[in-house]
**Q** 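Here's a structure for you.
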Amino acid sequence: MGTKAQITQKLLNEYPEWSDIRTDEQSLGAQFINTIGNKLEDLHEQLKTLGLNYYPTTANKKDIDVVYQMQLPLTKTFEIVNTDPNNPIYNPPTVSGLTNTSWENVVIASGNDIESFWYDQVPSRLECISYPINNIILDDASTNIYSGIVSMIEANSPLVTTSGIDVDYPQGQLWLEMYNGEQYLNITDQGQATRGMVTIKGTTKKGQADSESIIFIHNEIQRTTKEWSNIETIFINDIITDQAKLRVIQHRFGKTQTPQLPPETDFTNLTVSPFSKEDIDLFWDVGVNDLGRPILQLLTWQVDDIKSRVGGLLGTQLIRAFELLDTNLLNISTPIDIAVEPFSNRLWVADSNNLYIYTNEQTLPNMRVLNKKNFDSMSVIEPSTYHLSFGDSIQLSYIIRRPISDVDKHRVYVKDPNGITYSVLNGAMVLTDPSNAWVYGSPDDRNLRASDIFSLTIRGDWIWSLDILYSNGASETDQRIISVDSKVALASFTLSDYVSGSTIEGIDFDSDQNLWILINTSGTRTKLKVIPHYDVMLIDYDKKILIFREQYSQIRVL
Amino acid sequence: MNSFINTFTVGNIHIVGIPVVQNVFNQFDQFGLMVGLPRFTGEKIESYKTRLLDVYTNRANAAYRGLINGITRELGLQLFSPIRIYPIKSGDNFVAENPVIIFKGPYIELWRDLENNILEMEIDRFDINGDAYLIKDMVNFINTRSIYFRVSMESNPYDRSICILNQTNIRTVENEVVPQSEIFTLKFPDEYGGAIISSSISFNDSIIFKTLVPNINSIINDGDYFIDVVTGNVTTLNTPSPNTTISYNWIDYGFKPVASPVIIHDIESPNFRRKMFQQILGDDGIYRDGMPTEFGAEIVNELLSLYPLLNGP
């Protein structure tokens, strides 16, 4: 298994649009460039983090700040598990730490380095603090949006409140969503260019009177850069029509609003499509697929060109879908919400009673199984996609790209993820040996045979093969891997362990990078601030020092 | 530091210890280096970031407010607003003629009419046995005794009332630009409103704004103008010329005084001298410093103990 770097496509787009390397992720060239892409993306993410860390308001607030050290007696020896005295591998001691209430088992970070100790570590337990919700607005179907602050149309601008609207704890950066607008950029009769703009006046978290203007170029959601504790006045200007609607929201909880809140943007958000050189936004969402399986969806705009989007073509399309599994490899319940953790590769997904953590990696299959493939094959299998989710349909076409010789015979067969080989005959997978599956004769056009449509219901990699023998004696094989994608949770947490009798209705990361959960306790909504705890340690085997993330009042080492 | 108790159990050594906190340098420490605000040991980003941003909001310097800001921040304390204090209104207007509140060292002055020197009361907030030592006592004292002022409690009732910094409910607006219109509105009020102090109004154009008349019907001659002190509406006879500006003071109806756990006294201030020295009435009717009080003597002794250090032997 590998990972497709988002930046790989950017490199591949240096090639012409008709080339396989640009459009086919299973081409040799794309595989090769992806190894560079992965390293480059790592660098790119670090540069992005560095850039954000230049300013206190955007810097990573969950960066490594405080650790706790314990010096072991210098006489302490660790058990060595290998036989090479120059590179000893130690068996980490059994350590437990005393928190307020209980002894927690502390495990060593997987790589015994800062990366695995701090940045890649998933929480071992959570702590939830409940806060009331006073900010409630109505959506277009007159249903409550919890943690909504203002809902208004441009015709009612400016919105003036007598003593302002107090923003609930934690007063932070807010989301401004514009929708129903038709045109945001305009040239007036006087020849002046105007841009759609929303201006907020009020009091910041630090208690200062302040204002902030945000430019919109099309219907979208944007975060303020200032942290607000009270909003007094809101102006909406230069958006056509004056029925354009603004929602000011503190937390992006749930997906039940009318109209629904847009999906969340990927944190690093660096991608391009194979057909353009412009950067294009990448979004994460959750839902169910046609078979009702819970899926994680990776989305992007339908059109690459920003001018078309300004013109109003704002539809999104699905790039990848991953079936969601819990830590026991069983499907999670219908997902309710997703939250993208900033400065990390983690995504949090909630169903009605659980939180799950997944990675945002775009997995690639192991391509070493393409051992029989002729990468310069004249006849190819053209699948409609390489990636689908459980039960989705795929269309496969079998094409002779350069019919320079008549075809003597050909056969198609497929190996499912369990290793069982089927022959593909007359549009069906048949459990017969491929040696019996030859189809004789030359096709009339470039289609070797009619396209097949299959619904794939086994998770994993399906290897499709096409063997072809030409009349001139040449033979070749094309192979493609079709992945039925899934993701297994890195960790899961159950709400009823923290609060009883409640269901989850939404999750969100605030601008201070804290996770919040909207819960419904028999009709009453409250929000929980989640404080993650990490029972993990680093060990300096030479200096006999243990380093912890959590503050324990006492440590026991066995 | 670490304490170890080595207890032998069957077959293995059981080590018990207490971990020590250790800061790891990150980007916020870098900001701290730039603004001269180091992180406390064991301070997490969440609290450190708040203190770092405070450097820009509440500037530190060697003046009264700057010292309060700096010391408060460096000690990891926070400024707060414990009360809202406001003059009582009758309709749109204040009951008192010119109701001004002044927090001034050990005393709080409530003025019925500051212009004409009519004091409603002076409250001692210094004396531990006084009526207004704690904020909650001060609130209660003003609400029960004052005819012209009311206080609403916001937070910190059990802090000392002297935590409230020296300040007044008078706000100053300097050089507000006047539009070229015979009728315009000043920008002064905040969410609670207030009233302009008429005597403080000054325009940089003394021809068009020559005479302030008492009501809108009295605008007759060139140079007459009228200001509604509550709404801030201004009416003139002549159109103001470009670049006209107005400066004025106004009384803030939503006055929420700032407080800090850090208390700074100015021993030169007359109000503080009243606490340090017995006040003796002279023949000319003016009070002068007499013998130090018990408290004053303590301060004098402490200052004397510093004397050789500062000036050499």
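All of these numbers come straight from a predicted model, not from anything done at the bench. The chains referred to below are lettered A, B, ... by the order of the sequence lines, with proteins before strands, and numbering in each begins at 1.
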**Q** Taking atom CD of B/Gln78 as the centre, does the number of heavy atoms from other residues, nucleotides or ligands within less than 6.0 Å exceed 12?
**A**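 No, CD of B/Gln78 has 12 or fewer neighbouring heavy atoms, counting only those of other groups under 6.0 Å.
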**Q** Would you give the length of the straight line joining atom NZ of A/Lys206 to atom OH of B/Tyr56, rounded to the nearest 0.5 angstrom?
**A**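 Separation between the atoms: 13.0 Å.
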**Q** Which bit of B/Glu46 is near chain A, if near means a heavy-atom gap under 4.5 Å: side chain, backbone, both or neither?
**A**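 For B/Glu46, side-chain heavy atoms alone lie under 4.5 Å from chain A.
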**Q** Is there side-chain contact between B/Pro19 and A/Ile555, with at least one heavy-atom pair below 4.5 Å?
**A**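 In short, these two side chains touch, coming nearer than 4.5 Å.
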**Q** For the CG atom on B/Asp92, are there more than 12 heavy atoms of other groups (residues, nucleotides or ligands in this structure) within a distance under 6.0 Å?
**A**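 No, not enclosed.
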**Q** Under 4.5 Å heavy-atom distance to chain B, tell me which part of A/Asn514 shows up: side chain, backbone, both or neither.
**A**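 The side chain, not the backbone.
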**Q** Taking the side chain as every heavy atom from C-beta outward, state whether B/Glu43 and A/Val66 have any atom pair closer than 4.5 Å.
**A**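 Counting from C-beta outward, B/Glu43 and A/Val66 never come under 4.5 Å.
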**Q** So, for B/Phe31 and A/Tyr55, which heavy atoms are closest and what is the spacing to 0.1 Å?
**A**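 Closest approach of B/Phe31 to A/Tyr55, heavy atoms only: CZ-C, 3.6 Å.
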**Q** Kindly check if the number of other-residue, nucleotide or ligand heavy atoms within 6.0 Å of OH (A/Tyr131) is above 12?
**A**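 Enclosed.
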**Q** Nearest 0.5 Å please: distance from the CD atom of A/Gln208 over to the CG atom of B/Asn58.
**A**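 These two atoms lie 7.5 Å from each other.
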**Q** Once side chain to side chain donor-acceptor pair (under 3.5 Å) is applied, do any residues pair with B/Thr185, and if so which ones, sequence neighbours excluded?
**A**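 Applying side chain to side chain donor-acceptor pair (under 3.5 Å) to B/Thr185 gives B/Asn233.
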**Q** Are side-chain N/O atoms of B/Gln27 and A/Asp63 paired as donor and acceptor at under 3.5 Å?
**A**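 B/Gln27 vs A/Asp63: donor-acceptor pair found between side chains.
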**Q** About how many Å separate NZ of A/Lys205 and CG of B/Leu53, when rounded to the nearest 0.5 Å?
**A**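 Going from CG on B/Leu53 over to NZ on A/Lys205, the span is 9.0 Å.
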**Q** Which pair of non-hydrogen atoms, one from A/Tyr68 and one from B/Val21, has the smallest distance, and what is that distance?
**A**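 Minimum heavy-atom separation between A/Tyr68 and B/Val21: CE2-CG2, 3.5 Å.
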**Q** Using non-hydrogen atoms and a 4.5 Å limit, figure out which bit of B/Gln30 sits close to chain A: side chain, backbone, both or neither.
**A**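 No part of it gets close to chain A.
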**Q** Picking from B/Asn26, B/Asp29, B/Leu52, which has the most non-hydrogen pairs under 4.5 angstrom with chain A?
**A**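 Greatest number of close heavy-atom pairs with chain A: B/Asn26.
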**Q** Which bit of A/Glu227 is near chain B, if near means a heavy-atom gap under 4.5 Å: side chain, backbone, both or neither?
**A**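 Contact with chain B is through the side chain of A/Glu227 alone.
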**Q** Find the distance between CD1 (B/Ile45) and CG (A/Asp65) and round it off to the nearest 0.5 Å.
**A**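 Atom-to-atom, B/Ile45:CD1 and A/Asp65:CG are 4.5 Å apart.
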**Q** Can you tell me if B/Tyr64 has over 12 outside heavy atoms packed within less than 6.0 Å of its OH?
**A**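 Yes - once you tally the heavy atoms of other residues, nucleotides and ligands closer than 6.0 Å, there are more than 12.
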**Q** Is it true that, when you exclude A/Lys201 itself, more than 12 heavy atoms of the residues, nucleotides or ligands shown sit nearer than 6.0 Å to its NZ?
**A**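 Atom NZ in A/Lys201 is not packed in, count stays at 12 or less.
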**Q** Given that the side chain runs from C-beta out, which part of B/Lys44 has a heavy atom under 4.5 Å from chain A: side chain, backbone, both or neither?
**A**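 It is both, since atoms from each part get that close.
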**Q** Sort B/Asp54 into side chain, backbone, both or neither according to what part of it lies under 4.5 angstrom from a heavy atom of chain A.
**A**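 Answer is both: backbone and side chain atoms of B/Asp54 are under 4.5 Å from chain A.
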**Q** Rounded at 0.5 Å granularity, tell me how far CD1 in A/Ile64 sits from CZ in B/Phe25.
**A**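 Rounded to the nearest 0.5 Å, the CD1-CZ separation comes out at 13.5 Å.
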**Q** I need the B/Ile18 CD1 to A/Leu98 CG distance, nearest 0.5 Å.
**A**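 Between B/Ile18 CD1 and A/Leu98 CG, I get 10.5 Å after rounding to 0.5 Å.
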**Q** Within a radius of less than 6.0 Å around CG of B/Asn243, do more than 12 heavy atoms belonging to other residues, nucleotides or ligands occur?
**A**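 Not buried by this count: 12 neighbours or fewer within 6.0 Å.
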